[in-house]
Every structure is written in structure tokens, then in C-alpha cells.
Number of protein chains: 2
Amino acid sequence: MKKIASLPLVYLIQKNSKQEYSINNVKKPQQNTILDIAEALKLSPATISRALNNHPYVKEKTKKDVFEMAAKLGYRRNQMASGLRSNKTNTIGLIVPRISMFFHAEVITAIQNSLHSYGYNLIICQSNDSLDLEMELADTLFSSRVDALIVACTLQTLDCSHFDKLIENGTPVIFYDRVPTGYDKASIVKGDDFNGGYIATKKLIEAGCKKIAHVSGPLTSNLYLDRHAGFLKAMEAHKLAINPDWLFHQELTTGNAERAMRQMFDGDDRPDGIFTDNDTTAIAALEFAKAQQIHVPGQLKIVGYSNDPRTSISSPSITSVEQFPDAVGKKIVNVLIDLLKNNAENLVKTGVFTIPVELISRASTGVNK
Amino acid sequence: MKKIASLPLVYLIQKNSKQEYSINNVKKPQQNTILDIAEALKLSPATISRALNNHPYVKEKTKKDVFEMAAKLGYRRNQMASGLRSNKTNTIGLIVPRISMFFHAEVITAIQNSLHSYGYNLIICQSNDSLDLEMELADTLFSSRVDALIVACTLQTLDCSHFDKLIENGTPVIFYDRVPTGYDKASIVKGDDFNGGYIATKKLIEAGCKKIAHVSGPLTSNLYLDRHAGFLKAMEAHKLAINPDWLFHQELTTGNAERAMRQMFDGDDRPDGIFTDNDTTAIAALEFAKAQQIHVPGQLKIVGYSNDPRTSISSPSITSVEQFPDAVGKKIVNVLIDLLKNNAENLVKTGVFTIPVELISRASTGVNK
DNA sequence: TTGTATGCGTTATCAC
DNA sequence: GTGATAACGCATACAA
């Protein structure tokens, strides 16, 4: 799938400018620069620059004067000039399918707060789960010369070569959540999806389920592949038969979930337990069951994934797998800071870091514990 | 509250650089520049620049050659150099309390998609509802010389003077959702909170409630002030008495909501209807009622605000006020594009734009309709 | 400890 | 249509 070729580079370059040529007639008022400070203090611009950057070879008194004058003049460093000169932006880019997904929102918050403590800024971009947009954003962020890039891929991202450009340029890239397979140029932070699938299924089994379905995401994504492997392992370990009619590998939307439910509950042979790869699907399954008068957890037990806030609000509340987004976010930043340091030594290492998951037991799998 | 003074400018300037002085020893590989393209094509850099920017006075053939060579060399415009020279970044900044709030996530998505169609990029920043961080972010985004700034303020933002710097510099600022009062230097896009409060309360009244409580946010925010005014208006219009013990103006957290509920349902005189200023509070009220065996909607009816996805999942589902985040986001961008155009004519106008709201009736106010 | 001079990559103003 | 050149604001090598 040589998708790259279909989106001409020319287009990408043009995107950064306006489609139509336009004369820049905006007259912005003059900014204060280090020259203004230099002039006011009868010092050279170089000294001002050094003082503002806390350079060791500047007299304390001078620093003090400079900061005071800077404050007085309302000076703010011009990030573009600074970045252009020093080849550093102190800015990290982030590409995520959608910020409205609970897990991502939490990870992003953790990342931002952690980066902030290291003095980095974060540019957050949404790919809307579109590969084309993801490619365009990678380009834009490269254009902005971010110091590093954090990516949660779209479901269609099988080929990651649009990140090559950044990596070749020495810009570290870190993937999390949805992670490409067979791309070894970047570090990876991910949840323990195999174990997540395993403990979710085990819970259903221990709650007495014998006929367990798995409504999974597309197996093109490592995420769902691993969860499914965990599911299979648990089933095998407990010598339970797998009914192929109860395995679904599809985008995890409400519509797809309803269709899957209808299919499974159409005939006489019905599952008594369902493991779903996200909570939206779990909720859809629950709604379906309620509408069909199928008692949960009496006749059907359900386990979801992600521990979305909605799972604790539904009736019955839904057992789900907690992914600790906060830990994921912090780990990402740790790895990133390491990479940025190592990078300085021209020693970019890559690695895979796995964050543990935990089952949160709720009413949808019967009495707790 | 002269909070500004407490956060010295010096600090803000320093924040943009690392706390410690460090030598930049990162050797990034050489980038391709327009000079490389110029050399390859035996043209001048000026022509390359013009071609890439779709300047009218460039031969079509030349443009074609330039784009092809750019693609071949994997050229990407350096945003910093371009921005430094042209004084435009094609980037819009956004500051929001938290992206994990449903309403904000939806607004941001709409803004980004709309801006994208105009060729602008979006930098999303979270203030974590901290005024200090909001101030710092305003500074950082000014440092980045964003072309415009979109802000949803924190609850503590009473004084907006930290945005003056941007506005004086000719950078348009637009507020939405939480909007400062008495700050006329910026445009405002907001929901019709007065009407929202009115129709929410009216719904309770028409459903038969006589004793209605309002669990509101702090009245320092225009948002909650307007909703409360709508509440009062509806009560007055229907000649219902207002019990001061059933009015709460507090941060809209689950904990605060539970406390308010306990207080109201402690004695014998209990409300039969509750209007809450967000859905988190509505859900907390519902949970409290369920725990206390108070039947909803039989003994108590509830209306929330924002139409959070959770309101349709709870049992019973909760009536809420829809704010049409998509429309809000699109309006913001419309206003912004206008401002950027007007700005070019040195004619920055400001205005207030109100987006209608709509009541979504659900089970918590009794039979639908 | 400070000053001088140079260049980062691009775009705008001239000139041709 | 295109080329030569200067300038954007800052950080650094080198000189003092």
C-alpha cells in the first residue's frame, strides 16, 4: 500500500502556505527585541542574550539589570528567531487520533504536565483517525522543527515511512497506544494488552462463563492483536472452546457493536460472556442486552476495556481493564527526555516499554471480587 | 487581585529557556533548503521561494520544476525562518482548562477541522484550570508569535490583562465558554446561557416541580451568572418561591455536589426538582438519590447541562442542555478568519456572538416530550 | 565578564 | 519573470 505516493509532496509543501498567494499587508506593531534592552542598558545584544539564557559567564548584577529591563519593556523572546538560530524549539509535537477519547485525553494531560516540568511545550494535533491527515501533520510538525514527536497512530497506519523524515533528521519519535509493527526506528510505550486480554477473559471464566465471545478491533493493530492473543490464551488455559461465530474483528463503533450483538443473539446458541476491546462497545452490548431483556450479569456477563468513566455510571456498572493513562504519559516523557539526552551524544536508542494493566471488577460480571 | 505582580515577568522569560544553562551540542543532520533547490535547478533562491509560495509572477514551468525538485529532495519549509521573515506563523493558539471535558473536546475538534480548511494549524494547550499556567501559556504562545489566540478561561480568571500584550501586538484574541466580564478588547463566542438556564428550569416546572433547587457554578463566571439569571427568571415567571437553602454556587465537582445533596435532603423540606450547571453534578445528584432510595423522576426530577455522553447512559437517563459544540467551534473560526482579514486593514473589531442552546428531554424529568 | 561579527532559512525590495 | 541583496531576532565563535 504505497499510500505515500498518492499524496504528492508538492501538496504537502503548499499546504503550509495559503492556497492563494497573498501579500502580507498586516502591519504588526514593532516588538521589543534584545537590541532595545541592550540600548537601554548600554550593553551589547550578546550580553543580553547570555543573561536571558542564564549563561554562567554573566555578572549577577548584569543579569538582574537585564531581567528588570526586560520586564519593564515587556520583552518576550521571539521563539522563531531563537529556534532558527539554535536549531531547538523546546517544543514537542503530539499526534493523536482524537482527543475526545477518554484514554487519550488523560495521557495527553499527563504528558503535558510532565513535559512542562522539564521546560518543554506541547503542540497537540488530532489526526481524526485519517492517515492522510496524520501524514500531513507529521509534515507540518517537521516544518515547525519540533524537538521530538509523540504519536498514537490511526487504525489505517500500517506504513510508518512518513515519520522517516523526522527520524533521519535526528528528531526522536515515540509511539504509544496504537503502535506500528515492524518499525524499529522509534521507541514504543504501550499497555500490556496481552495480559489485559488475558485477565479480562479469565474474569469471565471465573465468573462462570463457558461460552465467551470477543468483540475485538481490527487485527491490523497490534493493540487488538495482543488483546485477542490474551483472550485465546485464557480460553485455552481453561480448556474452553472458541466459537468462530462469536469472534468479531472490526472498528469499535456503537453501530458495529450492535450488529455483532444482533448476529450473536439471533439464533439459539448464545454466548454467556462477552469481552469487548473498548468500553463504547461494552456499553452498546449492555444496551442491546437490556433492550432484549437479557439480564446482565445473570444471563450475560460483560467486560470492557479502558475503564472509561461511563462504565461506572451505567446500570449495571461494567467491569473494565484499567490502562493507567497517567503512568503511560509519564513513561512517555521519561523515555523522551532520555532520548533527547542520548541524542545529544548521537546515540539514539530505541526500546519498547510496557505499562501494566489492571482489571476493575464491577457489576457486569456479577458479585465483586 | 493583582495576581500578575506575583508572577514575575523574569520568571516567564526564563521559562522559555531551560532553567539551567546548557550548551547545545546536538548535531542535527543538514536540512535541505531552498538554496539546495536553487542550486539543483540553476535558479536563484528568490525564485524558488516565490514558486513555493505560488507567487503569480512565476512561469508555470518553473513552478512545476521547483515542486518536483522539492519533492525529490524531500524539502520542507522551515517554519521558523519563514515566520521570522514574514511575521506570520499560520498557527493559532488555543488555551483551554482541560481537554478531557466533553464540551471542550468537541469544540476543539470543530475548531481544528475548520481551521485546517483555511490552512491554519492549531496549538492546543491546557491550563489545568490554573490561572498561573494560563498566564504562562499566554506568554509562551506570544513567544511563538501565533497569529491569533482562542481562550476558554479558568474559573479564577477575573483579570484578563495577561492577554493585553497579544492584543496590543495586533494578535486577535477570542474567548469562548468561560468569558471575562468587562473586557472589551476581544471577541466572544458563547452559548446562550441565560436561555439555557431558563428552559432547563421551565422543563422542571412543566414536569410538575414546585420546589426547585439550583446547584450552580461560582457566580464569578459569566457562564453561571447567566444560567442562574435564567433560572430566576423562569421561577419568577411561574410565580414559584425560591428557597435560598437550595441555591449553591460552588465549583461543580462530584464532592461538592454530594455535599449539597446531603444538605438539602437532610431535613424534611426537600426539593422535588434540581437544575445543575453541569452533568457531572447532575450525575452525582442522581447517584445520591439512588443511594437514598429517592425515586427519580418520581420524587425528584433532574436537569443537567452540556449533554455529556454519560447523561444518556445513566439510569434513568438525564435531561440536559445541549450546547452544540460543533456550532461553537465553527463560529469561533468564522469570527477568527474575519478578524485576521480585518486586522490586515487595521480595523480590529470586537463582538459578542451567541450560539443557541436546546433542551434534550430524557427520563430524569419524567415522560418525554 | 563583555563586545564584535556572523549566520540560521526565508521572504521582500529592488533592480534588471 | 527572474536575480541580487538585505533583513527578520537571536545565539554563538572568537576576540578583547
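Chain A is the first sequence line, chain B the second, and so forth, proteins listed ahead of strands; every chain is numbered from 1.
Tested against B/Tyr75 for a side-chain contact (heavy atoms from CB on, under 4.5 Å), the candidates B/Val66, B/Ile37, B/Ile48 yield a single pass: B/Ile37. A side-chain contact (heavy atoms from CB on, under 4.5 Å) with A/Tyr183 is found for exactly one of A/Thr350, A/Asp164, A/Ile188, A/Val173, namely A/Asp164.
If you check every strand for non-hydrogen atoms under 4.0 Å, A/Ser49 touches a base.
Here D/dT12 presents its C1' atom at 14 Å from CZ of A/Arg77, a figure rounded to the nearest Å. Distance CD (B/Glu39) to P (C/dG9): 14 Å, rounded to an integer number of Å. Atom CG in A/Leu84 sits about 14 Å away from atom P in D/dC8, given to the nearest Å. B/Met80 places its CE atom 19 Å from the P atom of C/dG7, with the value rounded to the nearest Å. Rounded to whole angstrom, the span from the CG atom of B/Leu35 across to the C1' atom of C/dT11 amounts to 12 Å. Rounded to whole angstrom, the span from the OH atom of A/Tyr57 across to the C1' atom of D/dA11 amounts to 17 Å. For the pair A/His55 NE2 and C/dT1 C1', the interatomic distance rounds to 10 Å; values are reported in whole Å. Remark: P of D/dA7 and NZ of B/Lys88 are 23 Å apart, rounded to the nearest angstrom.
Here A/Met69 contributes atom CE and A/Leu52 contributes atom CG; the two are 12.0 Å apart, rounded to the nearest 0.5 Å.
Distances were taken from every side-chain heavy atom of A/Lys59 (C-beta onward) to each of C/dT2, D/dG1, C/dT10; the shortest belongs to C/dT2.
B/Phe142 meets the ring-ring contact (aromatic ring centres under 6.0 Å, His included) test with no other residue; sequence neighbours excluded. Qualifying side-chain hydrogen bond (donor to acceptor under 3.5 Å, both in side chains) partners for B/Thr109, counting only residues two or more places apart in sequence or in other chains: A/Gln126. Remark: A/Thr89 engages A/Asp147 in a side-chain hydrogen bond (donor to acceptor under 3.5 Å, both in side chains) (not counting sequence neighbours). Every residue two or more places apart in sequence or in another chain was checked for a side-chain hydrogen bond (donor to acceptor under 3.5 Å, both in side chains) with A/Lys165, and none qualifies.
Between the side chains of A/Thr157 and A/Thr154, at least one donor N or O sits under 3.5 Å from an acceptor N or O.
Applying the 4.0 Å criterion to OP1 and OP2 of C/dC8, one finds that B/Asn78 has every side-chain N and O outside that range. Residue A/Thr62 places no side-chain N or O under 4.0 Å from the OP1 or OP2 atom of C/dT1.
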Can you pull every protein N or O that's under 3.5 Å from an N or O on nucleotides 3-5 of chain C?
{"from": "C/dG3", "atom 1": "OP2", "to": "A/Ser44", "atom 2": "N", "distance (Å)": "2.8"}
{"from": "C/dG3", "atom 1": "OP2", "to": "A/Ser44", "atom 2": "OG", "distance (Å)": "3.0"}
{"from": "C/dG3", "atom 1": "OP2", "to": "A/Thr47", "atom 2": "OG1", "distance (Å)": "2.6"}
{"from": "C/dG3", "atom 1": "N7", "to": "A/Arg50", "atom 2": "NH2", "distance (Å)": "2.6"}
{"from": "C/dG3", "atom 1": "O6", "to": "A/Arg50", "atom 2": "NH1", "distance (Å)": "2.9"}
{"from": "C/dG3", "atom 1": "O6", "to": "A/Arg50", "atom 2": "NH2", "distance (Å)": "3.4"}

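Overall bending of the helix from C/dT1-D/dA16 to C/dC16-D/dG1, expressed as the angle between end axes built from five pairs apiece, is 30° (10° steps).
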Derivation and outcome, salt bridge (Lys or Arg N to Asp or Glu O under 4.0 Å), residues A/Lys72 and A/Glu68: CA-CA 6 Å; A/Lys72 191 177 158 199; A/Glu68 279 175 1; over 6 Å; no

